[in-house]
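Quick note: numbers below take in every heavy atom, side chains included, and nothing from hydrogens, waters or symmetry partners.
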Amino acid sequence: MVNFLGLLGLQGLPGIIGGWPWQHHDEKLFNRLYRTTLLSARPICQISAVAGMSIGVLHRGEVIYRDNAGFRSAHSPLPPDSKTVYGIGSLTKAFTAVVLSNLLDDHANITLDTPVDRILTDYAPVDEQLRHQVSLGDFLSHRSGLFGDMSFAMQGQFECLLPKNQLLPTISSLKTVAPIRRQWLYNNWGYAMAGAVIEKLTGKSFGTYMSESVLEPLGLQHTTSQPDFRPYDNVARPHMSLCNATPLPVNQTYFFKDTFFEPAGGLYSNVDDMLKWAKAVLHAEANPSSSSESVLRHIPSIISNQIPLDEPSHEFRFYGMGWARTQLPGVVGLLGDNIDFFPVSELPILGAGAPPMVTYYHQGSAPGYYSSLFLFPESETAVVVLTNSVPLNDAADWLAQAYIAALFDFPSPADYVSLASESRRKKVAAIERIRPAFDEIRRTHPDDQPRLPLVSYSGRYVNDAGNFFIDIGPHPEKPGKALLLRFLGRENQAYELRHVRGEVFEWSLACDESARQLRFPVIEAEYYEVRFESDGGRPKSLTWAGIGIRMLRNEGGGGEDGSKDQVRMGDAR
């Protein structure tokens, strides 16, 4: 493996960094950006275990800066460049909002306010108050009030666990956790529903229609939701992060491709295409009257305030459809991971001491990738950061903010290197204290044993929609001492289930263990708790305590390993 300390070395000299001819009519501006690359970006990448990074800056409508750090893969000496393709995760959402908004122009009887169950008639929310109420606009702006956890679809190994035909049964079973249109709650299932509507109305796959209706007209030749990369293509390979800040290269996987989450996070792109996209969005926002026939004719409504990011909103922080909208000076990055490590009051104020300016932004994460995109309409500015790691913090967020502070020469910039270091420390510490916390409970309650013999908890437990199950059985290497939990009964989704106290068990993972299982890190201990409920000497259900998912034991005649039980999976196999 390439020595990671060498990944972040200089790749050239000013004017020919990485072999790129830079446009820098403003020498002071260029020097600030270049110093940011050397003094902030590369250290942040090293601290956060980012294998490779590409960044681009558009200012006054022109590309003025592009740079790269690290390598496309920790197994390879090839550096990235502005044409290197990365997964862009939830930056996809803005594209999906454009596709759907344009499509509705051809359907006079459907608007963003149309209840989704009038279009997708198999959608039947378990909360009857949502029936004939929750709309396309509600889903695109994350204001449906629905529980957005992705556990039924995503566990380890970067694979989608449910087939595409299980979208409507699954989202129909999601529980309401806030009143509709009263609270912003991020929910990828809503963009999956948008994709289903697009496919219903067009008769085409989401990827095909996205390409035909938006990507090709805008000339985004290296952007796709249908990747099929060859070994020597200019692609940044995905990585996980080990606790010592070493990037762990993993096999190229296409988690979103041909799944219901493709419209939520499935695009791959590069810096050149993303800057072209940003410029087009800025132009459409500034010239709404001249864009009535353009692909981006609905941008003004897409970026408009749909719901406050916090309620009540004491600051100028709103979400549109695939874009957050706020005003600097202010706190940004609220769609990513760094908000997990600091309360909003302790996050840096971007633009402190500078005049007010509006910004639109979004962050993205996908298996092996993190990204960030900021737009500043008043100065026709965009900053895009693409990385190829699931890092030890939201490095793409810190990187983007560091470049923005340098670009505008803010008078009181935050120390983003220190913030990267502190957020990494907090994340690793949070993960690493989960198992010891469970061990401490076991140590202090040695007599609090399971109510039933371990073998009694074996069986198949099924969700409300009947399309997802967990098999519980004896641990083959620790019979009588531990159980084995298998999502959908799969061996590659198997985890040791250990008793804590009473009928509470846990399957927590150490930081590096989680990374090697290709899992997005979880920092809440409650997520790993499994609580059984027994009735008459036999478990009847289990609950994931942290996320409130209750699953009933299948009494359909299966054996202790649940092998004969059936669930409604359609063509899942």
Side-chain angles (χ1 to χ4, degrees), residues 92-93 96-97 99-101 103-104 106-154 160-207 209-210 256 258-266 306-307 321-322 462-468 547-551 567-572:
T92 302
K93 290 180 170 64
T96 299
V99 172
L100 184 56
S101 297
L103 177 60
L104 297 187
D106 299 325
H107 296 270
N109 60 333
I110 301 176
T111 71
L112 291 177
D113 295 326
T114 299
V116 176
D117 51 10
R118 294 182 183 173
I119 308 168
L120 303 173
T121 55
D122 288 338
Y123 173 50
V126 65
D127 182 351
E128 294 186 1
Q129 296 184 52
L130 292 184
R131 295 182 184 180
H132 312 307
Q133 292 294 321
V134 63
S135 69
L136 293 172
D138 295 329
F139 280 132
L140 291 178
S141 57
H142 304 298
R143 63 187 187 203
S144 68
L146 289 171
F147 182 55
D149 186 81
M150 295 171 65
S151 293
F152 289 148
M154 189 175 190
C160 190
L161 298 180
L162 292 178
K164 200 168 180 178
N165 66 0
Q166 292 303 305
L167 169 63
L168 296 182
T170 305
I171 197 169
S172 293
S173 69
L174 294 181
K175 294 178 174 59
T176 300
V177 293
I180 187 172
R181 305 186 189 102
R182 292 288 301 275
Q183 185 176 343
W184 181 83
L185 293 169
Y186 201 81
N187 194 324
N188 281 296
W189 295 99
Y191 275 78
M193 290 292 276
V197 170
I198 290 169
E199 294 190 342
K200 171 75 176 291
L201 297 181
T202 65
K204 297 181 179 181
S205 70
F206 170 81
Y209 192 73
M210 164 72 82
F256 295 105
D258 295 326
T259 73
F260 41 63
F261 284 136
E262 188 177 331
Q306 297 293 320
I307 188 168
M321 291 178 279
V462 185
N463 70 337
D464 290 342
N467 61 4
F468 185 88
I547 56 177
I549 296 177
R550 187 167 182 260
M551 305 182 71
V567 292
R568 300 188 299 275
M569 290 291 289
D571 58 1

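- Between the side chain of Asn187 and the main chain of Leu146, a donor-acceptor pair closer than 3.5 Å is present.
- Ile171 and Gly190 make their closest contact through CD1-N, 4.5 Å (heavy atoms, listed as atom of the first residue, atom of the second, distance).
- Taken to the nearest 0.5 Å, the OG1 atom of Thr92 stands 7.0 Å off from the CE atom of Met210.
- No side-chain heavy atom of Phe468 sits under 4.5 Å from any side-chain heavy atom of Gln166.
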Arg181 vs Asp138, side chain to side chain contact (heavy atoms under 4.5 Å, CB included): CA-CA, chis, key distance, verdict: CA-CA 7 Å; Arg181 305 186 189 102; Asp138 295 329; 2.9 Å; yes

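- Here the closest non-hydrogen pair linking Asp122 and Ser172 is O-OG, 3.9 Å.
- In this structure, Lys93 forms a cation-pi arrangement with Tyr191, its terminal cationic atom sitting closer than 6.0 Å to the ring centre and no more than 45° off the ring axis.
- Considering all non-hydrogen atoms of both residues, Ala192 and Leu167 come closest at O-CD2, 3.6 Å.
- Lys175 is not listed as a side-chain neighbour of Ile549, based on a closest heavy-atom distance of 4.5 Å or more.
- Across Leu104 and Thr111, no two heavy atoms sit closer than the pair CD1-C, 3.7 Å.
- Residues Leu120 and Val197 are in side-chain contact: their nearest non-hydrogen atoms beyond the backbone lie under 4.5 Å apart.
- Put simply, the side chain of Asp117 gets close to the backbone of His132: a donor and an acceptor are under 3.5 Å apart.
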Assess whether side chain to side chain contact (heavy atoms under 4.5 Å, CB included) is satisfied between Met321 and Thr96, documenting all intermediate values. CA-CA 9 Å; Met321 291 178 279; Thr96 299; over 6 Å; no

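- At a threshold of 4.5 Å between non-hydrogen side-chain atoms, the residues Met193 and Leu168 count as touching.
- At least one side-chain heavy atom of Ile119 sits under 4.5 Å from a side-chain heavy atom of Leu136.
- Heavy-atom minimum distance, Val134 versus Ser144: CG2-CB, 3.8 Å.
- Proximity of Gln133 to Pro115: side-chain heavy atoms (C-beta onward) are nowhere separated by under 4.5 Å.
- No side-chain heavy atom of Ile198 sits less than 4.5 Å from a side-chain heavy atom of Pro263.
- For the pair Tyr209 and Leu103, the minimum side-chain heavy-atom distance is below 4.5 Å.
- Phe152 contributes atom CZ, which lies 8.0 Å from atom CG of Leu174 (distance to the nearest 0.5 angstrom).
- Put simply, the side chain of Asn463 gets close to the backbone of Asn467: a donor and an acceptor are under 3.5 Å apart.
- Expressed to the nearest 0.5 Å, how far CG of Asp258 lies from SG of Cys160 amounts to 11.0 Å.
- Partners of Glu199 according to the side-chain hydrogen bond (donor to acceptor under 3.5 Å, both in side chains) rule, which considers only residues two or more places apart in sequence or in another chain, are Lys164.
- One distance of note links CD1 of Ile307 with CD of Gln183; it measures 8.0 Å at 0.5 Å rounding.
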Take Thr176 and Gln129 through the side chain to side chain contact (heavy atoms under 4.5 Å, CB included) test and state the conclusion after the steps. CA-CA 10 Å; Thr176 300; Gln129 296 184 52; over 6 Å; no

Verdict with supporting geometry, Phe147 and Trp189, ring-ring contact (aromatic ring centres under 6.0 Å, His included): CA-CA 9 Å; Phe147 182 55; Trp189 295 99; 10.0 Å; no

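- Taking the six-membered ring for Trp and thresholds of 30 and 60 degrees, Phe256 and Phe261 have ring planes more than 60 degrees apart, a perpendicular arrangement.
- Shortest non-hydrogen contact noted between Pro169 and Ala465 is O-CB, 3.6 Å.
- Looking at Ser135, its side chain does come within 3.5 Å of a backbone N or O of Leu112 through a donor-acceptor pair.
- Rounding to the nearest 0.5 Å places CG of Asn188 at 10.0 Å from CE of Met154.
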